[in-house]
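Here is the naming used below: chain letters follow the sequence lines, and residue numbers restart at 1 for every chain.
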2 protein chains.
Amino acid sequence: MENTTTHILIADDHQMVIDGIKSMLSHNKEYQVVAEANNGQAAFDLIASNPERIKLLLTDISMPLLSGTELCKMVKAQFPHIQVLVLSMYNNVTAVKEAVMAEADGYILKNSGKEELLNALYRITNDGTFFSQDIVPIIYSQYQKQKIQDEELNMLSPREKEVLSLIVKELTSEEIAEKLFISKKTVDNHRQNLFVKCNCKSTVGLVKYAIKHGID
Amino acid sequence: MENTTTHILIADDHQMVIDGIKSMLSHNKEYQVVAEANNGQAAFDLIASNPERIKLLLTDISMPLLSGTELCKMVKAQFPHIQVLVLSMYNNVTAVKEAVMAEADGYILKNSGKEELLNALYRITNDGTFFSQDIVPIIYSQYQKQKIQDEELNMLSPREKEVLSLIVKELTSEEIAEKLFISKKTVDNHRQNLFVKCNCKSTVGLVKYAIKHGID
DNA sequence: ACTAAAATAGGTATATATACCTATTAGAAT
DNA sequence: ATTCTAATAGGTATATATACCTATTTTAGT
């Protein structure tokens, strides 16, 4: 298995990208580009016509007729032996998330160099998966966003946070009042104040706010 | 800047870990371990006594007196010039998330080899950040969990999903009825059925269910 | 000592949601 | 043909939430 050549199908609507990758792999015996397609549907048809020929699918995300993530889903569902490496120009969380949920085995950015590509191919064929180092800062920024949101939480008073937490636990105002040994009226006042502070108009909005800020 | 030695403080409650790292870096001119501490508080005191001496803090997460993440927060708040690389034995999402939220510049696992450590140090001092490749599969598994939850969503009928989506958008039953050209009564029936299917007893529960499954 | 904010609680309406019913129709599946 | 589910809608109560008020006490900050 180890020393067998990995047969690759490249799917990308930009022929130059395909040619570039082919060129990069041309001096490498381990990887051989045996097929190419300029849209997702063509790529799927090529695979379906002879599934055993392809060992790895190297695909772009945005392509005509069938997107790379959709292609990935279909391939993984019907031909699970084929590994999929998504090659994207999008460095946002959503794109990465979609790729992972489509069961892609790896994700690298188009501005990666030759080394990164070879590294990705090596890691995928040996370790099973590879995700570009470049996507980590993206997740990093997500978490930092959450940190800022947490600071926004300080607008709420301790008691308000307490009440909000119980609201999210599906307690009614009356039940919350009993639990906190205060009047139902007081709870309702907190609720009103929370509407203003959380900038929403109903309990539904409060729940969304609470979850967004990690109260549960 | 490039050819200056990076002065490192190691904080870890296991002396063997400290000695191991010192040994690994001993033959490397770029990195010099100039201080060490066995708990977070001691590490912070060492930094505070002479902040300019330290360029990089290499810290464990779980330590007595002051945890690595808390230490990181304090250092980043008061001595932002110091870069922080978190060295953890926990490979779970929460640990990584906490480290990032503490503004750590990097995160690697304790079972990483010498190469990974050197790579991390190089990337941090040059690129600013480094996060171990090992943490990606963790995030990967998080996303896959979400995918399974999405399949659970198929228990809901298309119309129910539609109604649920509008509920989460803070519309009342009456407003939803108008929007879908149906009776308010019908909307309320969908709501009741959603309670059963989502296993909750109020709209609050529905909102939590919806958000958990990506409806918004 | 003064001020501001937080937490408390009450009154009075109205709006909305929830808990039970029953019942019809359309479409899909067996 | 028949069975099942989804989607529709109505009746009748009750429970809960929401929108305005006012007002007191406590606590923290200047």
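No donor-acceptor pair closer than 3.5 Å links the side chain of B/Asp127 to the backbone N or O of B/Thr129. For A/His81 (side chain) and A/Pro51 (main-chain N/O), a donor-acceptor pair under 3.5 Å exists by modelled atom type. With hydrogens and angles disregarded, no donor-acceptor distance shorter than 3.5 Å links the side chain of B/Asp13 to the backbone of B/Asn38. Remark: side-chain polar atoms of A/Lys73 are not paired, donor with acceptor, to backbone N or O of A/Ala104 under 3.5 angstrom.
As rounded to whole Å, 14 Å separates atom P of C/dA17 from atom CG of A/Leu206. When rounded to the nearest whole Å, the span between CG of A/Leu194 and P of D/dT18 equals 11 Å. The distance between atom CG of B/Asn193 and atom C1' of D/dT5, rounded to the nearest whole Å, is 11 Å. With rounding to whole Å, A/Lys201 atom NZ is found 13 Å from D/dC20 atom P. Rounded to whole Å, atom C1' of C/dC20 lies 17 Å from atom CZ of B/Arg191. At whole-Å resolution of the value, CG in B/Asn154 and P in D/dT5 are 17 Å apart. Between the NZ atom of B/Lys184 and the P atom of D/dT12 there is a distance of 15 Å, rounded to whole Å. One interatomic measurement links the two molecules: CD of A/Glu175 to C1' of D/dA15, which rounds to 11 Å at whole-angstrom precision.
If you check every strand for non-hydrogen atoms under 4.0 Å, B/Lys197 touches sugar and phosphate atoms only.
Between C/dA9 and A/Thr186, a contact under 4.0 Å exists linking OP1 or OP2 to a side-chain N or O. Within the 4.0 Å cut-off from OP1 or OP2 of D/dA17, at least one side-chain nitrogen or oxygen of A/Ser173 is found. A close approach under 4.0 Å does not occur between any side-chain nitrogen or oxygen of A/Thr172 and OP1 or OP2 of D/dA15. Contact annotation: A/Ser157 does not reach the phosphate of C/dA5 (side-chain N/O to OP1 or OP2, under 4.0 Å). Side-chain N/O atoms of B/Gln192 include one lying less than 4.0 angstrom from OP1 or OP2 on C/dA19.
Taking the C1' atom of each, C/dA23 and D/dT5 are spaced 15 Å apart, rounded to whole Å. With both ends at atom P, the span from D/dT8 to C/dC20 equals 23 Å, rounded to whole Å.
Residue-to-nucleotide contacts include no donor-acceptor pair under 3.5 Å from the side chain of B/Asn189 to the base of D/dA7.
For the pair B/Arg53 and B/Val34, the tightest heavy-atom approach, listed with the atom from each and the gap, is NH1-O, 3.6 Å.
Here the side chain of A/Asp188 is nearest to one of D/dA7, D/dT18, C/dA19, namely D/dT18. Nearest nucleotide to the side chain of A/Arg159, out of C/dA9, C/dT18, C/dT8: C/dT8. Distance from the side chain of A/His190 is smallest to C/dA7 among C/dA7, D/dA7, C/dG10.
Place A/Pro158 and B/Ser202 on DNA chain C by their nearest nucleotides, and A/Pro158 ends up nearer the 5' end. For the pair A/Lys185 and A/Glu174, nearest-nucleotide mapping onto DNA chain D gives the more 5' position to A/Glu174.
B/Lys161 pairs in a side chain to side chain contact (heavy atoms under 4.5 Å, CB included) with only one of the listed residues (B/Leu194, B/Leu166, B/Asn154), which is B/Asn154.
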